[in-house]
Amino acid sequence: MKYDELFALLRRRGVLWPSAEIYGGVQGLYDYGPLGTALKRRLEEAWTAWFVGLSPDYHLIQPSEFLPEAVVRASGHLENFTDPEVTCESCHAAFRADTIVEKVRPDGVDGLTPAQIGEILRANQLKCPNCGSPALSVPTPFNLMFPVELGVTGHERAYLQPETAQGSYLAFARMWDVGRHALPLGIAVIGKAYRNEIAPRQVLFRLWAFTQAELQIFFDPAGFPVPFAQVAAEPLPVLRVDRRQQGEEAPEFVRAEELVRSGGLPEFYVYHLAQSYRFYRDVLGYPADRLRLFEKSDVERAFYNRIQFDLEAHLESLGGYKELGAVHYRGNYDLSRHSEGSGKDLSVHPTGREPLLPHVLELTFGVDRHLWALSDLHLGKDGERTVWKLPPYLAPVTVGVFPLIEKDHGAYALEVADELVREGLAARYDDASSIGKRYARMDEAGAPYCVTVDGESLAEGPAKGTVTLRARDSRSQERVPVRELAPRLRAAVRLPRPPRS
RNA sequence: GCGGGCAUAGUGUAGUCUGGUUAUCACAUAGGCUUGCCAAGUCUAUAACUCGGGUUCAAAUCCCGGUGCCCGCACCA
C-alpha cells in the first residue's frame, strides 16, 4: 500500500494520528489510538516472550528514563550527541563541524569551544562542501539529547535517555548481585528513548520520542555457549559488506553454519542474529523475501561496534528497505566507560574464573517502526476487501461477536461476547448494519476470528449451543460449541516462544 | 535547515487554469424501514474550502505571507 493510503487508513481506524492534532499537529509526535495501543502492547509482549525466552538468564527490567549528566558524559553521549553545526550562509546547507575541519584537524573538534572552531574555519579558509562558498557560520552546538533540570534549584542536571541501553549498563552491577553470579547475563528493557532530531520524517520512522525494545547480553569473551544446533541449518538473507561494495542490494540466503565456518562470524553472534530473524519471520509473520540482514562496514558503524547487522524489511509505503532493528557486538566499551566514569569496578568474578570485564551483545528493536511495518506488510487488499492479516496473538481484537438478527439473537450474542471477555479474550460485540459489513470491519481491524449467533444457537440451548466461527484469512466457517470457543481462541493467541535447549 | 510540490467533511475526492446559484460524489458515522452468513436496498441526520492579509461588486478559485504535509538534498554517535 502506498504511504498516503496507509496513513489515512491508520488514522481513520484510530490506530494512530498526529499528536496535538487540534493545534495543527507536530511532526515527529504521534498518538496511538485504541487499536494502535493494543497492538503495541501485544508486540511488546511477543518480543518479551521470544527474546527473554531465549534463556533463563535473560531478564526484563524497567530502569529510569532520566540519565544523570555523569552517566551520559561517561557513555560518550554528551560529547557525541552535542554536534557543533556549521551552516553555509550562501547555500544554507548544514554540516557537522568535525566533517568540515577534518582535513586540517583529523582529531576532530571534541573539547573545542564554538569560537575556537570558528577560528579554525577562518584561519584555514575552509569552504562549504556543497557550494564552495567561504561564508561558513560560527558553529552552534546542536544537542540531540533533551536536558532536564531536576529539583527546585535545578542544580541536578539530567537528560532524557537517548537510548534504553544505558539503563541496562547501569543496572548490570545490581543484576549481577541479585542474580546467580554467572555469565551470560541478559538484561532486557522496553522503554522510551528521546532524541531531538533535526528533521523527524516518515511518521513512525523518525520520532522525537520513541519506544525501543532492547536486550543487552553480558558475556565472557572467552566463551559464550549457545544452542547453535537450533539455528545451524537456517538460511539467512544476508547482504555482506563485500557484496555491497559490488553494488549488490539484494540479500543472498546463507546458512547460519556457513556464516560461522567461512563467514568469519562467531557462533554466539550468528545464533542471536538468526533468532532475531526468526522473530521477524515466524512471530511477526514478515515474508522472508522482504527481509534483509544488512552488514554495516567499518566506517558506517559506531567505532565501538565490532560487528553490526541491521535487520531490514522492504516496505512498499516507504519505497525500500528500512531498518527495524540491529544486532551489535559492542565489546566491553560500555562497561569500561562506566567503570571509569563511576569509579566502580564493573568487572565480575564468575566462579572458577579470573575476574573479567564482560562484553556486550546488543539486540535492539524499534517498536514504533515495527508497528508501521506490521501495517505495511500485513494490511492490504484481498479482492474487494481490506484485510489486516496480523498473526492472531498480535491482533488488537481477537474475535468479533455478532447476532445474525439483532432483535432475535442480540441478547445471547452479548452474553457470549461478555463471557469471552471474562475469559481474558479480546472480544468485541457488534450489531451495527449488515452481517457482511461487520465481517468487513473486523477484517480491516485485523481480528482473526468472528463468531455469529443464530437461531440454531438459541434452539440448542445454553448447554450445547453452537455458533459459527469464521476465520479471517480463509473466510471459512465451522460450527463450534459455545463452550469450546474460549479454549480454542486462547490456544490461537498463545505467544510463540523459542524452543528450549 | 535548503529546494520543489501539495493543502476542500472522519476518509478519498469534484470544482481552482477561465472568480459569480444552496461547494460535487463516494465511503464512513448515527437513527428508521427492510433483509438475514460476507461491504445489498431505501429514507433521514451529522460534517469541509489550512490560517492571516490583499485585489475585486463578488475569492475554494487570483496575489502575498504564515503553518502543516509529501518528495529530494543535508542530518540521523
Side-chain angles (χ1 to χ4, degrees), chain A residues 2-14 17-18 20-28 33 72 75-83 85-96 98-99 108 110 128-131 137 140 142-145 162-163 165 195-203 205-208 210 300-305 317-319 323 328 330 333 366 382-387 400 402-409 431-444 450-456 467-472 474-479:
Chain A
K2 292 281 174 253
Y3 175 92
D4 289 337
E5 193 185 353
L6 185 57
F7 192 27
L9 182 57
L10 295 176
R11 269 204 308 269
R12 179 165 59 76
R13 291 304 311 229
W17 54 76
E21 220 176 357
I22 59 170
Y23 284 94
V26 180
Q27 192 179 23
V72 292
S75 70
H77 284 94
L78 205 52
E79 250 170 46
N80 296 319
F81 257 53
T82 310
D83 290 329
E85 287 270 327
V86 176
T87 53
C88 170
E89 283 161 15
S90 173
C91 71
H92 301 286
F95 306 93
R96 276 171 44 202
D98 57 347
T99 64
D110 292 348
C128 169
N130 188 37
C131 70
S137 71
T140 51
F142 183 78
N143 196 335
L144 293 149
M145 289 192 295
E163 59 175 16
R195 290 186 195 177
N196 198 0
E197 298 281 0
I198 297 173
R201 280 281 171 91
Q202 298 186 317
V203 198
F205 271 72
R206 295 278 295 283
L207 296 165
W208 304 113
F210 55 101
E300 289 168 330
R301 59 181 191 254
F303 68 91
Y304 48 76
N305 276 336
S317 61
L318 298 177
E323 178 194 345
H328 302 137
R330 299 174 66 124
Y333 172 78
D382 181 357
E384 279 295 290
R385 56 186 197 137
T386 303
V387 191
F402 317 139
L404 186 59
I405 303 171
E406 196 274 328
K407 52 180 178 288
D408 296 338
H409 317 125
D431 62 16
S433 60
S434 69
I435 191 87
K437 280 200 180 179
R438 295 176 212 152
Y439 285 138
R441 256 196 299 269
M442 286 296 162
D443 286 343
E444 204 176 69
C450 292
V451 158
T452 300
V453 171
D454 56 19
E456 254 179 89
V467 292
T468 55
L469 181 66
R470 178 258 196 188
R472 176 194 62 202
S474 64
R475 301 206 288 178
S476 61
Q477 295 188 349
E478 61 172 316
R479 282 207 85 82

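We use all heavy atoms of the structure for the numbers below, so side chains are in, but hydrogens, waters and symmetry mates are not. Computed from a predicted structure; not experimentally measured. The chains referred to below are lettered A, B, ... by the order of the sequence lines, with proteins before strands, and numbering in each begins at 1.
- Residue A:R11 places at least one side-chain N or O under 4.0 Å from the OP1 or OP2 atom of B:G12.
- Straight-line distance from the CD atom of A:E406 to the P atom of B:G32: 9 Å, rounded to whole Å.
- Straight-line distance between the P atoms of B:U24 and B:G15: roughly 14 Å, to the nearest whole Å.
- Scanning all heavy atoms of the two residues, the minimum distance from A:A432 to A:R441 falls at O-NH2, 3.3 Å.
- We find that CZ of A:R13 is positioned 16 Å from P of B:A39, with the value rounded to whole Å.
- We find that CZ of A:F210 is positioned 14 Å from P of B:C76, with the value rounded to whole Å.
- The nucleotide whose nearest atom lies closest to any side-chain atom of A:Q477 is, among B:G12, B:C38, B:A40, B:C38.
- Judged by the 6.0 Å and 45° rule, A:R475 forms no cation-pi pair with A:Y439.
- A straight line from CZ of A:R206 to C1' of B:C76 spans 4 Å, rounded to a whole angstrom.
- Comparing B:A9 with B:A23, their C1' atoms sit 11 Å apart, to the nearest whole Å.
- Between A:K437 and B:A28, a side-chain N or O to OP1/OP2 separation shorter than 4.0 Å is present.
- Relative to the side chain of A:T468, the nucleotides B:U11, B:C37, B:A40 differ in distance, and B:C37 lies closest.
- Closest non-hydrogen pair, A:N305 versus A:R330, comes out as OD1-CG, 3.1 Å.
- Rounded to whole Å, the distance from CZ on A:R12 to C1' on B:A39 is 12 Å.
- Between A:E456 atom CD and B:C37 atom C1' there is a gap of 12 Å when expressed in whole angstrom units.
- Here the nucleotide nearest the side chain of A:R441, chosen from B:U29, B:C38, B:U11, is B:U29.
- Taking only side-chain atoms of A:Y304, from C-beta outward, the nucleotide of B:A40, B:G36, B:A77 with the closest atom is B:A77.
- The distance between atom CD1 of A:I435 and atom P of B:U34, rounded to the nearest whole Å, is 18 Å.
- Closest contact between the side chain of A:A302 and the listed nucleotides B:A77, B:C37, B:A39 involves B:A77.
- With a cut-off of 3.5 Å on both Watson-Crick or G-U wobble distances, the partner of B:A30 is given as B:U44.
- Atom CD of A:E5 and atom C1' of B:G12 are 10 Å apart (whole Å).
- Residue A:D454 places its side chain closer to B:C37 than to any other of B:C37, B:C75, B:A40.
- Contact check on A:R12 versus A:E444 returns a salt bridge, with a Lys/Arg side-chain nitrogen under 4.0 Å from an Asp/Glu carboxylate oxygen.
- Checked for salt-bridge contact, A:E456 and A:R479 meet the test: a charged N lies under 4.0 Å from a carboxylate O.
- Considering only side-chain atoms of A:T452, the nucleotide from B:U11, B:C37, B:A39 that sits closest is B:C37.
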